[in-house]
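Notes to accompany the following structure.
What you see below is based on every heavy atom in this structure, not just the backbone, and it leaves out hydrogens, waters and symmetry mates. We name chains A, B, ... by the order of the sequence lines, and we start the count at 1 in each one. What you see is a predicted model, and the numbers here were worked out from it, not measured in a lab.
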Amino acid sequence: MMKQYFDDLVNGIEAKIEADPNSRSPRKVYALEVAKLGSRLYSGEEEIAWCGVTAPFDLLSAMGVTSCFVEFVGAMLASTGMASNFLDEAEQAGFAGDTCAYHKSVIGAARKDMMPVPNFLIATSCPCTGGLAVMENLAHHFKKDLFVLNIPQEETKQSVQYLADQIKEMVEFVTAHTGEKLSDDRLRSAIENTNRTRKIMVDVFKMAMNVPSPANGRLLSNFGIVIALLLGTEAGVEVAEAYRKGFGETLEKGIAGIPDEKIRLLWIQNRIQFKNPMVEILEKEYGASIVSDELNDITWDPIDPEDPYTGMAKRAISIPFNGKGKRRIKHLQEMAKAYRIDGAINPCHWGCRQGTGARGLISKGLGDIDVPVLNLEVDCVDSRNFAEGQLRTRLEAFMEMLESRPSPWAA
Amino acid sequence: MKTEKNHKLGFTCAYTPMAILDAAGFLPFRVLPVSNSPDQAGHLLHDNLCPHVKRVLDRAIEKDLPEDLAGMVFMNSCDAMRRLADAWMEVRPDDKVILLDLPATNERTAIDFFSGELSRLAETLAKWSGSPVTEEKIALSVDKYNELSDLANRLNGFMNEGKLEGSGSRMQELINLATSLPVEEALDLFKTEIVKAESSSPIKNGIPVFIFGNVMPDPEFFSLFESCGVHIAGNDFCTGTRMFSSMPYTKNRSIFIQLSKNILEKPPCARSFDPLKPGGLAENVYEKAKACGARGIIGHTLKFCDPYLARLPMVRDKLQDTDIPLLLLEGDCTLRSIGQQRTRIEAFVEMLR
Ligand code: SF4
Ligand code: SF4
């Protein structure tokens with residue numbers, strides 16, 4: 001069923017592009033590559049690894065392993081309106097209603113045989129405790145070997161070394177399971193691709209900072225987190241390049257991501273993954289554009305091909321969800337400044353202790369630079385209790401407040 | 001140097017190396033989630049966070065803490081605890097705060113890294129106290145805590161045998177005292193209790209049950225179980241004897257490496273695990289219950305605790321295939337929450353008769 005879904009998606013997008021090459025938008029190129037990844041994961045023909053969010057996907061790809069963080073499956077199930085069944089299944093199996101629905105839906109999918117059986121699993125302690133726990137559960141369920149990457153909280157000489165050593169051990173673990181040694185050439189070429197993608201993404205994000213922005217509420221949604229899955233590959237470079245080209249053209253033509261951009265918004269953490277009218281309400285009714293997402297940023301340096309493990313370790317440690325809340329808040333403040341943000345929306349995804357536990361401090365930190373935050377109470381994956389009316393009311397009040405105040409960046 | 005005004009250091013997690021705090025001249029003080037402070041932490045954190053963390057923060061907000069509390073030593077045990085450390089710094093900006101990074105697994109690399117974290121703790125405490133925290137001083141404190149651990153486990157054994165007067169609630173009282181008194185006083189207290197227990201005759205009224213979970217600091221919790229007909233044949237809580245495990249070491253090797261190994265290899269709570277044995281918590285619970293002759297198992301965990309919530313289904317699955325029935329309860333650190341479950345506990349005990 002899933003294989004069919006992804007194959008249809010791939011064929012559909014390819015057919016559209018072929019029929020009308022002008023329709024080859026950045027988002028289509030992105031969707032196509034993501035669908036191809038899905039199709040490979042479900043093909044039953046490849047070495048598969050289910051992973052945590054901060055695994056080194058470029059290194060795994062250089063080792064011939066098709067890998068993906070499991071939360072991707074949760075998001076995909078939600079976006080296709082299929083999550084509810086799997087959430088029910090997990091809850092019936094005793095997984096508490098209060099836990100993160102990204103994880104719960106994955107557990108449900110695994111129990112209903114809707115997740116391909118992996119060759120092995122690589123857990124990461126970052127971004128969240130729940131993520132580590134779900135990987136232990138999946139390893140138990142699939143009866144497959146598990147490797148854990150403990151991602152230290154802060155970047156120090158020792159912590160980087162610790163993670164770099166673990167990544168080296170991970171390479172041995174992978175070899176022991178696939179029988180394939182890591183080839184220097186493949187690693188080098190993966191790192192080249194990663195660095196190329198990184199460089200293009202820096203340009204893309206810079207372009208998105210323009211006032212008005214070529215970005216809008218859909219173009220870069222989930223981009224920062226999902227592109228990690230394509231790092232190390234030509235596909236990653238191609239997707240990033242499609243955005244650079246697309247944004248370049250938009251800027252050249254003097255047009256914007258939404259017709260009359262009045263309010264610029266920053267989305268905190270992850271998007272609401274199931275179908276919902278938020279972006280449309282924001283754009284159509286208020287001229288408000290989500291010009292950036294918290295994870296749409298490059299927080300790491302290019303990876304040195306002579307010393308790749310150090311660079312990969314620093315990259316994993318650098319993600320904003322890691323470390324002290326203060327660091328995350330500083331990053332959000334910097335983004336708000338760079339993008340001239342008028343207001344931020346924090347969905348406070350139900351069940352995410354990592355994220356929601358920082359709610360008060362994030363509001364305060366952005367408040368300190370005069371950027372108001374709308375804290376919602378929403379489950380980004382589980383649509384079963386989605387209260388659209390309530391959400392609309394909160395959104396309206398927030399937008400009216402933003403409309404009635406000067407931009408924090410005026411003058 | 002130890003000063004009366006500023007000499008307690010708070011901690012909240014059973015993985016905290018109390019001996020290092022003691023060696024630095026501070027009194028390790030477990031900040032328990034027991035307080036009459038109003039619920040306020042949810043505003044700064046989120047309501048959907050474990051009640052342990054929220055109540056501890058409520059205490060900080062309400063200044064319901066010892067006056068001589070100089071600061072806090074947090075362990076990065078889970079997301080909720082990380083967020084507590086963040087919020088603590090906001091609520092009590094003048095406190096000294098350190099957050100140690102605690103790996104979830106215990107391979108060689110993890111032991112090396114955590115050893116570095118312990119040595120960072122010693123250096124930081126030396127700065128805070130103004131006097132060096134040498135390996136020798138740490139070793140002396142480890143000796144004391146090792147003795148305390150042995151005594152705590154002996155006392156717990158007496159409690160399991162029905163020889164401790166006051167039973168479960170007395171045991172919890174003693175543990176709470178031992179994590180707030182100077183270690184020397186705790187040793188004296190435990191020794192006196194042991195003498196008393198040695199000469200008492202066992203009283204076992206209820207059905208033998210193994211109880212486990214995370215945070216259960218209120219002594220009355222245990223009385224409540226016992227009043228439902230439970231005899232606590234074995235127990236494993238992070239506010240119980242899990243705080244006390246012996247740390248053997250030898251003199252000619254780095255104390256930090258040895259402590260690190262001991263801490264990472266001690267019987268884990270749900271937040272740590274062995275990647276070679278996914279679902280190991282279920283095995284541990286079953287084996288401990290079997291070893292103490294329990295006829296049933298009660299798991300009591302806090303709402304919103306990801307480490308436990310995610311692993312309980314594996315415990316449930318495992319026990320389904322065994323002869324030991326399981327009852328799972330969820331609480332919020334208050335006696336009220338567990339009191340509401342009295343009927344379920346009584347029915348479970350009835351079923352075991
Ligand atoms: S939403 Fe939060 S709990 Fe869920 S996967 Fe992401 S970081 Fe983890
Ligand atoms: S009870 Fe659970 S969630 Fe709360 S601090 Fe302990 S491990 Fe973390």
Using a cut-off of under 4.5 Å for heavy-atom pairs, which of [options] has the most such pairs with chain B?
options	answer
A/Gln158, A/Lys104, A/Lys364, A/Lys326	A/Lys364
A/Gly360, A/Ala139, A/Gly357	A/Gly357
A/Gln161, A/Gln153, A/Gln166	A/Gln153

Checking [X] against chain B: side chain, backbone, both or neither under 4.5 Å from a heavy atom?
X	value
A/Ser159	both
A/Glu169	side chain
A/Phe142	neither
A/Lys143	neither

Does [atom1] belonging to [X] count more than 12 external heavy atoms closer than 6.0 Å?
X	atom1	answer
A/Asp368	CG	yes
B/Lys277	NZ	no
B/Lys261	NZ	no

**OP:** Could you walk me through whether A/Gln354 and B/Arg82 pass side-chain hydrogen bond (donor to acceptor under 3.5 Å, both in side chains), step by step?
**Re:** CA-CA 8 Å; A/Gln354 176 280 122; B/Arg82 275 203 286 155; 5.1 Å; no

Interface moiety of [X] toward chain A, non-hydrogen atoms closer than 4.5 Å:
X	result
B/Ala85	neither
B/Phe304	both
B/Leu44	both
B/Asn76	side chain

Subject >> Value rounded to 0.5 Å, distance of CG in B/Asp79 from CZ in A/Phe321 >> reply: 11.0 Å

Original post:
Rounded to the nearest 0.5 Å, how far does NE2 of A/His141 lie from CG of B/Asp317?
Top reply: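 Rounded to the nearest 0.5 Å, the CG-NE2 separation comes out at 10.5 Å.
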
Original post:
Are B/Asp306 and A/Arg353 within salt-bridge range, i.e. N to O under 4.0 Å?
Top reply: yes

Original post:
Pairs in or reaching into residues 51-61 of chain B: which pass salt bridge (charged side-chain N to carboxylate O under 4.0 Å, His left out), with residues at least two apart or in two chains?
Top reply: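 Qualifying pairs, neighbours excluded: B/Arg59-B/Asp64.
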
**OP:** Select all residues of residues 107-123 of chain B having any heavy atom within less than 4.5 Å of some heavy atom of chain A, and report them by number, or 'none'.
**Re:** B/Glu107, B/Arg108, B/Thr109, B/Ala110, B/Phe113

Original post:
So which bits of residues 89-102 of chain A come within less than 4.5 Å of chain B, counting non-hydrogen atoms only?
Top reply: A/Gln92, A/Ala93, A/Gly94, A/Phe95, A/Ala96, A/Asp98, A/Thr99

Subject >> Residues of residues 112-138 of chain A with any heavy atom under 4.5 Å of a heavy atom in chain B >> reply: A/Pro127, A/Cys128, A/Thr129, A/Gly130, A/Leu132, A/Ala133, A/Glu136, A/Asn137

Original post:
Hey, are the side chains of A/Glu154 and B/Asp101 touching, using non-hydrogen atoms and a 4.5 Å cut-off?
Top reply: no

Subject >> Heavy-atom closest contact (A/Lys324 atom, B/Arg83 atom, distance) >> reply: C-NH2, 4.2 Å

**OP:** Could you have a look at B/Asn48, B/Leu99, B/Asp86 and say which one has the most heavy-atom pairs with chain A under 4.5 angstrom?
**Re:** B/Asn48

Original post:
Judged by atom type as modelled, is there a donor-acceptor pair below 3.5 Å linking the side chain of A/His140 to the main-chain atoms of B/Pro278?
Top reply: yes

Original post:
Hey, is the main chain of B/Pro103 close enough, under 3.5 Å, to the side chain of A/Asn150 for a donor-acceptor pair?
Top reply: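 No, the answer is negative, given that no donor and acceptor are paired below the 3.5 Å cut-off.
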
Subject >> Derivation and outcome, side chain to side chain contact (heavy atoms under 4.5 Å, CB included), residues A/Glu377 and B/His46 >> reply: CA-CA 10 Å; A/Glu377 293 298 334; B/His46 190 278; 3.0 Å; yes

